[in-house]
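For reference, the structure is listed below as structure tokens.
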Amino acid sequence: MRVSICIGSACHLKGSREVIQKLQKLVTENGLDGEVDLNGDFCSGNCRKGVCVTVDGTLYSVKPETTEDFFKREILGRLNAGI
Ligand code: FES
């Protein structure tokens with residue numbers, strides 16, 4: 001699974017760095033390093049929705065405080081469902 005976090009300036013201001021750190025920690029804690037490929041991404045023009053995170057090409061809007069929920073729902077949820 002490929003997860004890309006926008007590191008453009010608007011998303012950076014909204015906390016993309018924190019989102020990346022939290023996701024890295026959650027991926028490692030859940031033993032998913034081999035399964036989830038975390039990447040930085042450039043601005044996709046969706047700055048108003050930032051922090052922009054894409055999971056296999058689907059765009060989500062994530063905040064530092066919603067990162068854990070996002071991880072459980074969209075990353076663990078998808079992996080468990082075999083998507
Ligand atoms: S800076 Fe993230 S979408 Fe523009």
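Index from 1, following the sequence. Atoms within each ligand, like the ligands themselves, are counted from 1 in listed order.
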(request) State, yes or no, whether a side-chain contact exists between Cys52 and Leu59 at a heavy-atom distance under 4.5 Å. (result) yes
(request) Check the pair Leu23 / Ile75 against side chain to side chain contact (heavy atoms under 4.5 Å, CB included), numbers first and verdict last. (result) CA-CA 10 Å; Leu23 284 176; Ile75 297 181; 4.2 Å; yes
(request) State which residues pass salt bridge (Lys or Arg N to Asp or Glu O under 4.0 Å) with Asp37; sequence neighbours excluded, sorted by chain then number. (result) Arg2
(request) Enumerate the protein N/O/S atoms at a distance below 2.8 Å from atom 2 (Fe) of ligand 1, ignoring waters. (result) Cys6 SG, Cys11 SG
(request) Report the residues that fulfil side chain to side chain donor-acceptor pair (under 3.5 Å) with Lys63, sequence neighbours left out, ordered by chain and then residue number. (result) none
(request) Using side chain to side chain donor-acceptor pair (under 3.5 Å) as the criterion, list what pairs up with Ser44, not counting sequence neighbours. (result) Asn46
(request) Determine the sole option in Val36, Val3, Val19, Leu32 for which the side-chain contact (heavy atoms from CB on, under 4.5 Å) test with Phe71 is passed. (result) Leu32
